[in-house]
Amino acid sequence: MPTEKKISSASDCINSMVEGSELKKVRSNSRIYHRYFLLDADMQSLRWEPSKKDSEKAKIDIKSIKEVRTGKNTDIFRSNGISEQISEDCAFSVIYGENYESLDLVANSADVANIWVTGLRYLISYGKHTLDMLESSQDNMRTSWVSQMFSEIDVDDLGHITLCNAVQCIRNLNPGLKTSKIELKFKELHKSKDKAGTDVTKEEFIEVFHELCTRPEIYFLLVQFSSNKEFLDTKDLMMFLEAEQGVAHINEEISLEIIHKYEPSKEGQEKGWLSIDGFTNYLMSPDCYIFDPEHKKVCQDMKQPLSHYFINSSHNTYLIEDQFRGPSDITGYIRALKMGCRSVELDVWDGPDNEPVIYTGHTMTSQIVFRSVIDIINKYAFFASEYPLILCLENHCSIKQQKVMVQHMKKILGDKLYTTSPNMEESYLPSPDVLKGKILIKAKKLSSNCSGVEGDVTDEDEGAEMSQRMGKEIVEQPNQVPVKRFQLCKELSELVSICKSVQFKEFQVSFQVQKYWEVCSFNEVLASKYANENPGDFVNYNKRFLARVFPSPMRIDSSNMNPQDFWKCGCQIVAMNFQTPGLMMDLNIGWFRQNGNCGYVLRPAIMREEVSFFSANTKDSVPGVSPQLLHIKIISGQNFPKPKGSGAKGDVVDPYVYVEIHGIPADCAEQRTKTVNQNGDTPIFDESFEFQVNLPELAMVRFVVLDDDYIGDEFIGQYTIPFECLQTGYRHVPLQSLTGEVLVHASLFVHVAITNRRGGGKPHKRGLSVRKGKKSREYASLRTLWIKTVDEVFKNAQPPIRDATDLRENMQNAVVSFKELCGLSSVANLMQCMLAVSPRFLGPDNTPLVVLNLSEPYPTMELQAIVPEVLKKIVTTYDMMMQSLKALIENADAVYEKIVHCQKAAMEFHEHLHSIGTKEGLKERKLQKAVESFTWNITILKGQADLLKYAKNETLENLKQIHYAAVSCGLNKPGTENSEAQKPRRSLEVIPEKASDENGD
């Protein structure tokens, strides 16, 4: 167990700086020097040694320091040849002197960097009075509260309490701590003092509490926003919530509510102060979990056709172990339905006493009575979701027992059964909203001209195939013969309405003859073949028809396929073995959390729209979709349990973290942290990763914690979350066990930021990054169809596409330039930029050198005095940024309308494109290519219009952030604080997803 003392206050930071640290000093031209840095005992100067300079020159006066920047955010860091090899979390810069010179440093760990940054910022604020400041009443708030806790136990005022009571009190305040760890800390303290006995004094209690209950990483975060106090007041908390957590519409009243809810001390509650303990409570609460609470309820459009949704689906629901010998049990249905599953499987065979039974045919799995399963389904069908439940009925019964099945379903399920005949005038299935509370039967159905016999056996007769592939004889069971034809009674056929099972032939045949209410099932192997060889056709097929994919019969151990392999093709019903935990079920469970766990998730627009281009196997960016950059910093872990069944290392845990991205092939990636040796309680990782996500709507992020072991790394916990459900800012990730249970008190502490390569996204979540020069700028390209009239329309779209790209990227470049001058990375938002630069705009007597005129639609910076060149450069860059924001806002509508006009004009040709192409002399492959190019171009046009719309929304958000930050920092020109930036009267309209009503969409 690590024994080094934790940093729990600014005083600890100052003391550590006086002792000194080895830091790397970075210079231009890739030069790096190892130097020992320390703070003079009188706290007046920062020194380093050895140095070729004399001792008086190898120092910086604290008074001359203008600011301390974190990360690699100076010109020297950016231009240094080995900057990529330097950790962002270990780098910091001291900006000093009238010319704003930079001393660029790299610590051996992020913790050491945080100590220097925190200590130097305190020194800048309070100078030689720093320690006096720390001893003032503001630091006593916490001590007073802990003392009060002690006094409540020491009712007889003895001045000491028993070790048992001291341990229990600290555990009550921090339930994640182990009793043994608290006891050990007290014993170590007593041993260091050569103290006999086990009673605990108030001073010892306070010391151990500070040591065990202070998380340095949260302390360092608190002082970033506390104006160098040991607590956050309401305005500090508002700034943290707005600037870091992306919370909109925050006011002091909301801040006070948070303080009253999470601050443990009465003094803090009365004064409106949030201490380190209150701040820790808040950050560890569900309010700061990584999962966006908006997605805990149904938040998607549920009025789309059923085929437009992914549907949470179970395979061989009745099994609770393997596929060949495992037991069948009704608990399989209870578990699946309680987890939000909306498609369950019933493999029905003739049973004794004229009662149908459910089991996997031709195997040694046990049997359960059909009637009891229907009873359970009736009870739990809508336990977790009100949306339709699909019963995948694999019927192997005789006519006699089929009639018994019908009797049971009608009697038990009653009006819940949906038996309405499909509407021949419609082109799509009803929506989940229309089908609320209904149970659909997916099974074979008699054709309209057939009175009683259906030909082929169901295409999911997995048991026989499994037995044959295993080289085993089919198990002899009564009334069970693997035939290829069977009889179907009319009564059972009539229960099947809009989920009629049919056999798939090929895509072109299906496009021509398959009815929208017909459902095809695909063996995993066959589905994988289509996904690889015909990805575009598979996506287009699934725009209109339901497709069910079931695991290969060779998975006799009930292992699971990767659902992402088939979701990327648009397959709605990917049947999973719910009884088998692991990565694949983690993905399935995580995926269906995003819409209130209702069992239905709306597919991305590009996979629903009739005219849209998407290939499931794309290894590049998706046309019309803006790639996102996901920045994740793994800061720390809390209370990792010992892996189950692991005893080789005793109680020692050596954790590390994998961050995985699951999605389309272009997005799949993983990165891992270093291993933290022998610390499963409070490991500090402090490592940052970046991922490009090309199709965010189909991506998931998975955090996995493992125990590093030379025999084989063992699983500790995981958490899987859809990309669209991520909350940005500082978040805790609640870890789950291998079987999906929450690991109590075990979590990861992370920072999440999402930026956009080409502008756009949710304003409170996404910023802009990645500067591109105009010469190297890539413009979206449209394809030639070799159909003259249509190509002319697309040719007219090229100028507005270029204009839209220029507007977005000119603005983007200007914003990134301003961020760099503010000393921040591209991950920062403009509110953070204004907060960072505001101290530089104040003179020695705290009068503003620069103010913002907020009475104008686009706030201008006005000089109030003579300022150094470096500040003039910031003002100039700000003005250039404001011009680019203005250009985008004032020109976006007109460019948008031109793109939309071209899209609508092109769509006029869509219905007759084949006949037009034939008249132009295109045949077979060339005609097919023309249709594909048309779809590509429409997708590009819609995407470019959407990107422009998102960029404008984000630009308006940027203006709000500048306005808010200026007022908060007191940099607004007097009399302009209540002014609102004028907004353009016209707003960008969303392009309708279905551009043509003639298609019946």
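Source: prediction; values computed, not measured. Hydrogens, waters and symmetry mates are skipped; everything else that's a heavy atom, side chains included, is used.
By the 6.0 Å and 45° rule, Arg544 does not stack over the aromatic ring of Tyr516.
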Could you go through Tyr309 and Ser431, starting from their C-alpha distance and side-chain angles, then the distance that decides it, and tell me whether this counts as side-chain hydrogen bond (donor to acceptor under 3.5 Å, both in side chains)?
CA-CA 9 Å; Tyr309 298 84; Ser431 70; over 6 Å; no

Yes or no on side-chain hydrogen bond (donor to acceptor under 3.5 Å, both in side chains) for His901 and Gln903, after CA distance, side-chain angles and deciding distance?
CA-CA 5 Å; His901 175 76; Gln903 182 189 343; over 6 Å; no

Passes side-chain hydrogen bond (donor to acceptor under 3.5 Å, both in side chains), Gln628 versus Thr755? Steps please.
CA-CA 6 Å; Gln628 306 288 316; Thr755 57; over 6 Å; no

Would Ser559 and Asp557 count as a side-chain hydrogen bond (donor to acceptor under 3.5 Å, both in side chains) if you check the C-alpha gap in whole Å, the side-chain angles of each, and the deciding distance to 0.1 Å?
CA-CA 5 Å; Ser559 61; Asp557 60 350; 3.1 Å; yes

Does the pair Lys445 and Glu494 meet the rule for a salt bridge (Lys or Arg N to Asp or Glu O under 4.0 Å), with working shown?
CA-CA 7 Å; Lys445 184 176 175 68; Glu494 287 174 347; over 6 Å; no

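Each of Asn588, Asn595, Asn597 was checked for a side-chain hydrogen bond (donor to acceptor under 3.5 Å, both in side chains) with Asn312, and the lone residue meeting it is Asn588. A side-chain hydrogen bond (donor to acceptor under 3.5 Å, both in side chains) with Ser501 is found for one member of Lys444, Glu518, Lys442, Arg548 and no other, namely Lys442. Residue His308 forms a ring-ring contact (aromatic ring centres under 6.0 Å, His included) with just one option from Tyr428, Phe545, Tyr600, and that option is Tyr428.
Put simply, the side chain of Ser385 never gets that close to the backbone of Gly340: no donor and acceptor are under 3.5 Å apart. Between the side chain of His315 and the backbone N or O of Ala575 there is no donor-acceptor pair closer than 3.5 Å. Panel note: side chain Asn560, backbone Asn577; a donor-acceptor pair is recorded below 3.5 Å. Between the Tyr418 side chain and the Ile441 main chain, no donor and acceptor come within less than 3.5 Å of each other. Proximity of a side-chain donor or acceptor of Gln594 to a complementary backbone N or O of Trp591 within less than 3.5 Å is detected. The backbone N or O of Ser307 sits less than 3.5 Å from a side-chain atom of Gln572, completing a donor-acceptor pair. Of the possible polar contacts, one joining the Thr939 side chain to the Phe613 backbone as a donor-acceptor pair under 3.5 Å is found. Remark: the backbone N or O of Val931 is paired with a side-chain donor or acceptor of Thr935 at under 3.5 angstrom. Between the side chain of Ser343 and the backbone N or O of Ser313 there is no donor-acceptor pair closer than 3.5 Å. Side-chain N or O atoms of Trp567 include none that pairs as donor or acceptor with a backbone N or O of Asn562 at under 3.5 Å.
Pairing each heavy atom of Asn423 with each of Glu425, the nearest pair is OD1-N, 2.9 Å. The heavy-atom pair separating Pro800 from Lys898 by the smallest distance is CB-CB, 3.9 Å. Pairing each heavy atom of Ala804 with each of Leu948, the nearest pair is CB-CD2, 4.1 Å. Contact detail for Met561 and Pro551: the closest heavy-atom pair is CE-N, 3.7 Å. Arg603 and Gly570 get closest at one heavy-atom pair: NH1-O, 2.7 Å. Pairing each heavy atom of Pro553 with each of Asn523, the nearest pair is CD-ND2, 3.3 Å.
Between Asp791 and Lys795, none of the side-chain N atoms (NZ, or NE/NH1/NH2) sits under 4.0 Å from a carboxylate O, so this pair counts as no salt bridge. Ion pairing between Glu932 and Lys929 holds under the 4.0 Å rule for side-chain N and carboxylate O. With salt bridges taken as basic N to acidic carboxylate O contacts below 4.0 Å, none links Arg702 and Glu670.
With sequence neighbours excluded, the residues satisfying side-chain hydrogen bond (donor to acceptor under 3.5 Å, both in side chains) with Gln944 are Arg808.
Enclosure of atom NZ in Lys436 by more than 12 non-hydrogen atoms of other residues, nucleotides or ligands within 6.0 angstrom is indicated. Atom CZ of Arg783 sits in a crowded spot, with more than 12 heavy atoms from other residues, nucleotides or ligands closer than 6.0 Å.
Contacts classified as salt bridge (charged side-chain N to carboxylate O under 4.0 Å, His left out) and involving residues 522-540 (residues at least two apart or in different chains) are given here: Glu524-Arg555, Lys529-Glu533. Evaluation of the salt bridge (charged side-chain N to carboxylate O under 4.0 Å, His left out) test over residues 571-582, restricted to residues two or more places apart or in two chains, returns none.
Put simply, the side chain of Leu435 reaches to within 4.5 Å of the side chain of Leu440, judged on heavy atoms.
Aromatic pair Tyr541/Phe504: centroids less than 6.0 angstrom apart. Within the 6.0 Å centre-distance limit, the rings of Phe794 and Phe934 are counted as a close aromatic pair. Aromatic ring centres of Phe723 and Phe691: separated by at least 6.0 Å.
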